[in-house]
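Worksheet for the structure shown next.
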Amino acid sequence: MKNTFRVVLLLVILFCLWFIFHNSFTDVVFRYFSIILSLSLLVIGILIFLENRHPAQTLTWLIVFGAFPIIGFIFYFLFGRNYRKERIFRKKYLLDKEAYLQVQAKSKNKSNDQRKLEETIHQSKLFHLAERIGNSPISFATETKILTNGDETYSHILEEMSMAAHHIHIQYYIVRDDHIGREIKKVLIQKAKQGIKVRFLYDAVGSWKLSNTYITDLKNAGVETVAFGPVHLPFLNNKFNFRNHRKIIVIDGSVGFMGGLNIGDEYLGRNEVFGFWRDTHLMVKGEAVQTMQLIFLQDWYYSTDHSFLTDEYLSPSMPHEHTHGGVQIIAGGPDNELAIIKSIFFCMITNAQKSVWIASPYFIPDEDIFQAMKIAALSGLDVRLLVPKNPDKRIVFHASRSYFPELLAAGVRIFEYKNGFMHSKLVIVDYEIASIGTANMDMRSFHLNFEVNAFLFQTRSTQRLVNDFLHDLLVSSELHLDDFSKRKIRYKIMESTCRLLSPLL
């Protein structure tokens, strides 16, 4: 309610200013206002030009300023200010680096399992890249299980949380005060009252509708509750556009959950507009949970200045049996000058030998990924893209479709999922390497959001993702270039317009 009030207050202030200028002041004041606005936009335009952004992004902002000066001015202060990300998140970068070094000091050298995997998988470059920029080892003592919808995911989460004996760490982008949100809150409160340490981290913007009552109930029960990146005045907050999009649960340091689902009834298919919600989540047990724990504790440390980087939380229980394949958990975000997850995706695509399958609800690739997909298809690889037929974000939907003609012409097969809304975020290469997590195939996930993905190498879960992808295609319709080219002109105009705005999305 508090966040809603702030947004409403901001809109009221803007309306009042407009009303005053429109009705009470003379033409002289309007001229001065126009001059000040024009000079401001000119200065902003020069600053954007001197920042050496990507040319497409620079041109987009200049066009927006020229066509819609007032709207462009507001959008720039909300989303466009390009402060050096490494300077904004310098504190977090240093804290994360310290934590990684602390954990790496205890890690062992390359195992025989990794050497053997590198011999059987041709993408050895991927291993080196992921380890070097991802600061995370490949684990061969980790069990994973694919969860394919909300019912399956939440039932496993609630079951594992109810058995927690030491701690529950939970982090989400969106948390709603609805049926499933209250179920999870109930379990967290019960465990906190039992003396279990419960820490709850939610993104301040993603969960801006979360009620104060929900948060107060958690705090009163002893749950440590913190908002990541609180925003009080959007125009004056240089971190507003950098959000924590991660979804992580760690229970007793031995069981973890991550993937595409937030906390809300729509993910259970209870929203009449979207119907069935097709998503993919991952349950993790064993060694790799340590990395998930580390990512959570780093975000918690950044948000609270309280560190829990101790053996109490960073000594996971290991599976009794040797597991099949490797698992690597990698975090990406604006605190690192490298686009970590995007770079790994690019390496996966460019080193593929047979196939590249991608599922993404929001497909707005940057030029590197876009060209890599086209070149892979032109080289004869089986490149497939699965997207939703029914959108939840119209501008993103139309922007995505603007990329389709070139991809189809290059030989990429594009499928639209028809059985509800498809929210899975997957990359599968050569039937043996897969990525599952929170990162969409878009520029926001690559450059602005804090994300976390699991990379699976020849695991049983990899094969499960292959089978699930093929099953999803059965309830999808394939687009063909000839038919797609005949779509109505108004759709082409809408797509081109939204494509123009894609660097800002």
Side-chain angles (χ1 to χ4, degrees), residues 114 116-134 138 144 146 280 282 324-330 332 338-360 363-387 400 403-404 406-415 424-437 439-443 445-446 451 453-473 476 478-479:
Q114 183 168 340
K116 188 180 298 183
L117 185 64
E118 290 180 357
E119 292 173 359
T120 58
I121 294 181
H122 67 275
Q123 292 220 24
S124 59
K125 292 180 181 178
L126 176 63
F127 296 131
H128 298 305
L129 174 67
E131 284 190 297
R132 184 169 182 179
I133 68 175
I138 300 176
T144 59
I146 300 297
T280 307
L282 186 70
H324 183 270
V327 179
Q328 189 173 25
I329 311 294
I330 292 181
L338 296 172
I340 295 175
I341 293 178
K342 173 234 170 164
S343 297
I344 298 174
F345 284 171
F346 181 80
C347 187
M348 291 173 68
I349 297 170
T350 55
N351 284 279
Q353 292 189 341
K354 301 175 183 176
S355 63
V356 177
W357 296 353
I358 296 171
S360 180
F363 180 77
I364 305 181
D366 65 4
E367 192 63 22
D368 295 334
I369 297 294
F370 187 50
Q371 292 299 327
M373 291 179 64
K374 291 197 297 181
I375 291 172
L378 289 168
S379 300
L381 275 64
D382 176 15
V383 182
R384 306 185 190 189
L385 173 63
L386 177 63
V387 294
S400 296
Y403 294 90
F404 290 177
E406 287 185 65
L407 292 175
L408 290 169
V412 176
R413 299 181 66 187
I414 301 177
F415 298 83
S424 296
K425 311 160 196 302
L426 306 172
V427 180
I428 307 170
V429 171
D430 294 343
Y431 321 112
E432 59 183 7
I433 301 175
S435 168
I436 169 178
N440 295 298
M441 194 64 71
D442 67 3
M443 287 180 270
S445 286
F446 293 158
E451 308 281 2
N453 273 43
F455 294 86
L456 310 177
F457 305 97
Q458 290 186 338
T459 65
R460 294 185 179 91
S461 291
T462 309
Q463 187 56 50
R464 170 66 188 276
L465 291 175
V466 170
N467 295 337
D468 286 348
F469 191 94
L470 291 172
H471 182 268
D472 288 338
L473 297 187
S476 303
E478 184 171 3
L479 298 178

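Hydrogens, waters and symmetry mates are skipped; everything else that's a heavy atom, side chains included, is used.
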Next on the checklist: Using the rule given for side chain to side chain contact (heavy atoms under 4.5 Å, CB included), can you reason through Asp468 versus Ile146, listing the C-alpha separation, both sets of side-chain angles and the distance that settles it, and then say yes or no?
Outcome noted: CA-CA 10 Å; Asp468 286 348; Ile146 300 297; 3.9 Å; yes
Checklist entry - After noting the C-alpha distance and the side-chain angles of Phe345 and Ile358, does the key distance pass the side chain to side chain contact (heavy atoms under 4.5 Å, CB included) rule? => result CA-CA 10 Å; Phe345 284 171; Ile358 296 171; over 6 Å; no
Item to check | Worked check of side chain to side chain contact (heavy atoms under 4.5 Å, CB included) between Phe363 and Leu407 | outcome: CA-CA 12 Å; Phe363 180 77; Leu407 292 175; 3.7 Å; yes
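Smallest separation of non-hydrogen atoms from Lys354 and Asp430: N-OD1, 2.7 Å. The nearest pair of heavy atoms linking Leu129 to Ser343 is CD2-O, 3.6 Å.
Residues meeting the side-chain hydrogen bond (donor to acceptor under 3.5 Å, both in side chains) test with Ser435, sequence neighbours left out: Asn453. Partners of Ser476 by side-chain hydrogen bond (donor to acceptor under 3.5 Å, both in side chains), not counting sequence neighbours: none found. Shown here are the side chain to side chain contact (heavy atoms under 4.5 Å, CB included) partners of Thr462, two or more places apart in sequence or in another chain: Ala434, Leu456, Thr459. In terms of the side chain to side chain contact (heavy atoms under 4.5 Å, CB included) criterion, residue partners of Asn440 (sequence neighbours excluded) are, by chain and number, His245, Ser360, Pro361, Tyr362, Lys425, Asp442, Ser445. Partners of Thr144 according to the side-chain hydrogen bond (donor to acceptor under 3.5 Å, both in side chains) rule, which considers only residues two or more places apart in sequence or in another chain, are Ser461. For the side chain to side chain contact (heavy atoms under 4.5 Å, CB included) test, residues two or more places apart in sequence or in another chain that qualify with Arg384 are Trp357, Asp382, Arg413, Phe415, Phe469, Leu470, Leu473.
A side-chain hydrogen bond (donor to acceptor under 3.5 Å, both in side chains) with Asn467 is found for one member of His471, Arg464, Gln463 and no other, namely Gln463. Of the candidates Ile344, Val427, Ile329, Ile344 is the only one forming a side chain to side chain contact (heavy atoms under 4.5 Å, CB included) with Phe455.
Rounding to the nearest 0.5 Å places CG of Leu426 at 4.5 Å from OG1 of Thr280. Here the CD1-CG distance, from Ile133 to Leu338, works out to 6.0 Å after rounding to the nearest 0.5 Å.
A donor-acceptor pair is defined here as one N or O able to donate and one able to accept, closer than 3.5 Å; no such pair exists between the side chain of Asp366 and the backbone of Met443.
For the pair Asn351 and Leu126, the minimum side-chain heavy-atom distance is 4.5 Å or more. Annotation: side chain of Ser355 is not in contact with side chain of Leu381 (no heavy-atom distance under 4.5 Å).
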Cut-off 3.5 Å, no hydrogens considered: what does the side-chain donor-acceptor table look like for residues 368-377, sequence neighbours left out?
residue : atom : partner : partner atom : Å
Asp368  : OD2  : Lys342  : NZ           : 2.5
Gln371  : NE2  : Glu367  : OE2          : 2.7
Lys374  : NZ   : Glu406  : OE1          : 2.9

